[in-house]
Colleague: 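What follows is a single structure, and I will ask about it in a moment.
Throughout, residue positions are numbered sequentially from 1 according to the sequence presented. Model, not experiment: these values are computed from the prediction.
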Amino acid sequence: DLDGEPLMRAHLDGLVNLDEGERFVLELKRATGWEHKRRIEDEDLRVSKPEHHAQLQLYERAAKTNWGLYLSVPNDHSMLQGMMRGNKAYGPAYQLPPYHLEWVPREDAEGERLMRRAKLVAEDVASDEPPMSEYGAITHDRRGKPLGPCFYCVFLDPWRDQGGWA
């Protein structure tokens with residue numbers, strides 16, 4: 001529990017202590033081939049995998065570090081490299097980087113936003129009332145089909161009662 005913040009259970013992959021007294025969070029991930037391709041081409045975790053960026057922000061906040069090092073590797077490097085070599089944009093001699101490394105600085109404003117979100121979720125979980133739908137303004141999909149609740153939601157029965165979904 002972080003200074004009165006909602007309890008969130010997580011396990012840091014690593015917390016590296018440097019000789020100078022500095023330290024940073026280490027986050028290790030495996031990626032599908034296309035995820036890895038997006039990471040090495042976008043080179044910004046906020047774009048390629050925003051949920052991993054958020055996870056690192058929360059870890060950095062919890063560990064009171066200023067930085068996180070994100071390391072991801074593809075599940076099948078050789079297969080992805082072969083597919084990319086077959087694409088004329090890369091050419092037959094293309095060498096796929098075997099990993100993606102990115103330093104992610106702590107952003108206090110983003111950490112605050114994420115904690116406000118976590119508090120909202122914690123309050124919803126503790127309440128017997130169903131939470132407001134975050135997508136309440138979107139009532140129909142693009143084809144005009146009415147949208148209903150998420151069918152794994154713990155508040156499914158109350159939503160059915162309120163919305164009349166079958």
Colleague: What's the verdict on salt bridge (Lys or Arg N to Asp or Glu O under 4.0 Å) for E112 and R61, showing C-alpha distance, side-chain angles and the deciding distance?
Modeller: CA-CA 9 Å; E112 287 296 322; R61 179 183 168 100; 2.9 Å; yes

Colleague: Cut-off 3.5 Å, side chains only: do R30 and S72 have a donor facing an acceptor?
Modeller: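 Their side chains do not contain a donor-acceptor pair, so the 3.5 Å distance test is not met.
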
Colleague: Does the plane of the ring in Y70 sit parallel, tilted or perpendicular to the ring in H100? Use 30° and 60° as the thresholds.
Modeller: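 Ring orientation of Y70 relative to H100: perpendicular.
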
Colleague: As an exercise, state the distance from CG of L114 to CG of L58, rounded to the nearest 0.5 Å.
Modeller: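 The distance works out to 4.5 Å.
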
Colleague: For R113 and E110: C-alpha separation, side-chain torsions, deciding distance, then whether salt bridge (Lys or Arg N to Asp or Glu O under 4.0 Å) applies.
Modeller: CA-CA 5 Å; R113 185 191 71 77; E110 178 67 1; 2.9 Å; yes

Colleague: For Y94, is the OH atom crowded, meaning more than 12 foreign heavy atoms sit under 6.0 Å from it?
Modeller: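 Yes, OH of Y94 has more than 12 neighbouring heavy atoms, counting only those of other groups under 6.0 Å.
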
Colleague: Please step through side chain to side chain contact (heavy atoms under 4.5 Å, CB included) for the pair R39 and H52, ending with a clear verdict.
Modeller: CA-CA 11 Å; R39 287 183 198 156; H52 290 177; 3.5 Å; yes

Colleague: Distance from D13 atom CG to E27 atom CD, nearest 0.5 Å?
Modeller: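 So the gap between those two atoms works out to 4.0 Å.
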
Colleague: To the nearest 0.5 Å, tell me how far E51 CD sits from L56 CG.
Modeller: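 So the CD of E51 and the CG of L56 are separated by 11.5 Å.
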
Colleague: Indicate yes or no for a side-chain donor-acceptor contact from R85 to the backbone of Q95 under 3.5 Å, with no hydrogens or angles considered.
Modeller: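 Not a single qualifying donor-acceptor pair exists.
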
Colleague: For E123, is there an ion pair with K119 - N to carboxylate O distance below 4.0 angstrom?
Modeller: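 Result for this pair is no, no salt bridge flagged.
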
Colleague: Could you walk me through whether M84 and L96 pass the side chain to side chain contact (heavy atoms under 4.5 Å, CB included) test, one step at a time?
Modeller: CA-CA 8 Å; M84 292 176 78; L96 176 70; 3.7 Å; yes

Colleague: Ignoring hydrogens and geometry beyond distance, is a side-chain donor-acceptor pair present between Q55 and K49 at under 3.5 Å?
Modeller: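 Absent: no donor and acceptor within the cut-off.
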
Colleague: Rounded to the nearest 0.5 Å, how far does CG of L12 lie from OG1 of T65?
Modeller: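 T65 atom OG1 to L12 atom CG measures 8.5 Å (nearest 0.5 Å).
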
Colleague: List the steps and the verdict of side chain to side chain contact (heavy atoms under 4.5 Å, CB included) for Y90 and K37.
Modeller: CA-CA 12 Å; Y90 298 95; K37 180 179 176 291; 3.2 Å; yes

Colleague: Tell me, do L80 and H36 make a side-chain contact under 4.5 Å, heavy atoms counted?
Modeller: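 Sidechains of H36 and L80: in contact.
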
Colleague: Are E107 and H53 side-chain neighbours, meaning at least one heavy-atom pair lies under 4.5 Å?
Modeller: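 With C-beta onward as the side chain, the pair touches.
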
Colleague: Can you name the nearest heavy-atom pair linking E60 to V104, along with the distance?
Modeller: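 Distance-wise, the nearest heavy atoms are OE2-O, 2.8 Å.
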
Colleague: Would a single hydrophobic cluster contain both V47 and L45, if residues Ile, Leu, Val, Met, Phe, Trp and Tyr are joined by side-chain heavy-atom contacts under 4.5 Å?
Modeller: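 Shared cluster, no.
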
